[in-house]
Amino acid sequence: MKLLTDLTLSELKELMAAYGEPSFRAEQLYLNLYAGKDFPEMTNIGKGLKERLAADGYLAVGVTILEHYVSREDGTVKFLFSLSDGNIVEGVLMRYKYGNTLCVSTQVGCRMNCAFCASGLEGLKRNLTAGEILGEVIAANRYDGGNASDRKITNVVLMGSGEPLDNYDNVVKFLRLVNAEKGLNISYRNISLSTCGLIDAFDRFLEENIPVTMTFSLHAALDEVRSSIMPVNKRYGVDKVVDASKRYFARTSRRVVFEYSLIKGVNDRDEDAAALIAAVKGFPCVVNLIVLNYVKERGLSGTSRKDAYRFASTLEKGGVSATVRRTLGADIEGACGQLRAKYIKKTD
Ligand code: SAH
């Protein structure tokens, strides 16, 4: 499989030059690709060129919307995206006052195997290419009536299935593609990358100078608790993650976010709050508390909303900013990997 959306504009220009096409052709093609058009819809591109690209194994569209579900509560749209080899990933479009945020998947499945997450239930199937991750954004943008010049998706979060830093090269290329001026031109400020804390890869990422908002999935500030729910903690413990977040702030001056999904009786106790305060107090960050979404196969339950607010106020009193995340799309299985798992089961 060769995807045209994997190419940057200059790579596309090289390809068109190699084909002996005039120089404006690359941009024409690029605009069609970013509008989500497949070859038959590209009316300004000649049949000969389209046939040649197809014969050389190039696909214009690597991601299509297989199914979508619209929340009646808040307009959130959950997408099941189909990849060209038949694999399925999820995306979620959330509507906020400041714009539309698309949550994208970076891998089919995940190998991190966090104890509460549906994405890792069957391990990692494969990485998405940069053009496939971009394809999710292009497909959702088109779904909302947008194209390259009239952009409907304003923000992207890498918080779908997969661990972005475990698919390093593709994710970095995706960030550059989605930020490209003539493409969707989504500013790095409007992109959040969430990681469970692969610190070696993170340190490489620091050198890329891509100032996205960094989100660290902490979920516990006591090593024994974090190790019990996140196997990655055995390699990169709480201190290493918090230190990394401080390096990010020192480098970018961007306030980091810690994700903390509250699991009843596991990481929502007073000592958990105290450890978290001790770990991040005085550091410009925000703790994003999420009430755990129940995943049947995992069996862990979320803290009640009331206790989540109590946990947040304990943090605030301890000098740590905390927010309790609104639950969007609760009626359409908003949490990572849930919908794909269900769909696969249904069609098996
Ligand atoms: N692998 C990356 C990004 C994917 S998940 C990471 O670990 O950050 C995005 C966020 O959703 C992470 O913080 C993840 O821990 C959290 N999450 C996963 N399953 C969840 C669930 N069932 N309920 C609440 N949050 C969950």
Side-chain angles (χ1 to χ4, degrees), residues 78 89-92 94 101-121 123-124 127-128 133 136 156-168 170-171 174-175 191-199 201-202 205 212-221 225-226 228-233 235-236 241 244-245 248 256-264 266-268 285-305 308 311 323-330 332-342:
K78 182 102 195 194
V89 292
E90 294 170 42
V92 187
M94 291 159 286
T101 298
L102 185 71
C103 172
V104 295
S105 292
T106 55
Q107 296 179 313
V108 182
C110 183
R111 45 179 189 170
M112 298 299 126
N113 201 23
C114 296
F116 44 81
C117 181
S119 301
L121 281 169
L124 175 69
N127 284 328
L128 263 64
I133 308 171
E136 298 176 60
V156 171
V157 297
L158 285 76
M159 292 190 187
S161 67
E163 165 49 47
L165 296 182
D166 190 38
N167 182 13
Y168 189 89
N170 289 311
V171 164
F174 159 71
L175 293 171
I191 301 176
S192 288
L193 189 154
S194 183
T195 180
C196 63
L198 297 179
I199 304 305
F202 170 78
F205 185 67
V212 294
T213 300
M214 270 310 300
T215 296
F216 293 88
S217 294
L218 197 58
H219 304 316
V225 177
R226 194 165 188 266
S228 75
I229 51 175
M230 298 178 72
V232 69
N233 195 65
R235 244 173 97 202
Y236 303 108
V241 176
S245 70
Y248 197 71
V256 303
V257 179
F258 292 107
E259 300 278 299
Y260 200 108
S261 299
L262 288 161
I263 311 169
K264 198 170 170 173
V266 174
N267 62 359
D268 64 350
C285 62
V286 60
V287 175
N288 198 182
L289 297 167
I290 309 151
V291 169
L292 187 87
N293 268 296
Y294 182 70
V295 175
K296 195 172 90 237
E297 294 84 344
R298 296 296 196 181
L300 295 166
S301 306
T303 304
S304 68
R305 280 202 89 75
F311 196 88
T323 56
V324 180
R325 196 199 277 171
R326 252 190 326 143
T327 319
L328 290 177
I332 51 166
E333 315 247 4
C336 318
Q338 285 184 351
L339 197 63
R340 169 174 174 266
K342 208 166 161 184

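All heavy atoms count here, side chains included; hydrogens, waters and symmetry mates do not. Just so it is clear, the structure is predicted and the values come from calculations on it, not from any experiment. Just so you know, ligand 1 is whichever comes first in the structure, and atom 1 is the first atom listed for that ligand.
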Give the atom numbers and elements of ligand 1 that come within less than 4.0 Å of a heavy atom of Cys117. 18 (C), 19 (N)

Which of the numbered atoms in ligand 1 are under 4.0 angstrom from any heavy atom belonging to Thr195? 6 (C), 7 (O), 8 (O)

Contacting atoms of ligand 1, where contact means under 4.0 angstrom from a heavy atom of Gly162: 1 (N), 2 (C), 3 (C), 4 (C)

Which bit of Ser261 gets closer than 4.0 Å to ligand 1, counting heavy atoms only: side chain, backbone, both or neither? side chain

Going by the atom numbers of ligand 1, which of them fall below 4.0 Å from some non-hydrogen atom of His219? 13 (O), 14 (C), 15 (O)

Under 4.0 Å from one or more heavy atoms of Val295, ligand 1 contributes atoms 22 (N)

Give the atom numbers and elements of ligand 1 that come within less than 4.0 Å of a heavy atom of Glu163. 1 (N), 2 (C), 6 (C), 7 (O)

Consider every N or O of Phe116 and every N or O of ligand 1, then say whether any pair is closer than 3.5 Å. yes

Among Met112, Glu259, Arg298, whose heavy atom sits nearest atom 10 (C) of ligand 1? Glu259

Subset of ligand 1 atoms that lie under 4.0 Å from at least one heavy atom of Cys196: 6 (C), 7 (O), 8 (O)

Decide side-chain contact (heavy atoms from CB on, under 4.5 Å) for Glu163 and Arg111; before the verdict, give the C-alpha distance in whole Å, the side-chain angles of both, and the deciding distance to 0.1 Å. CA-CA 8 Å; Glu163 165 49 47; Arg111 45 179 189 170; over 6 Å; no

So for Gly160, does at least one of its heavy atoms come nearer than 4.0 angstrom to any atom of ligand 1? yes

Can you list everything that forms a side chain to side chain contact (heavy atoms under 4.5 Å, CB included) with Val324? Sequence neighbours excluded, please. Leu289, Arg305, Ala308, Tyr309, Ala312

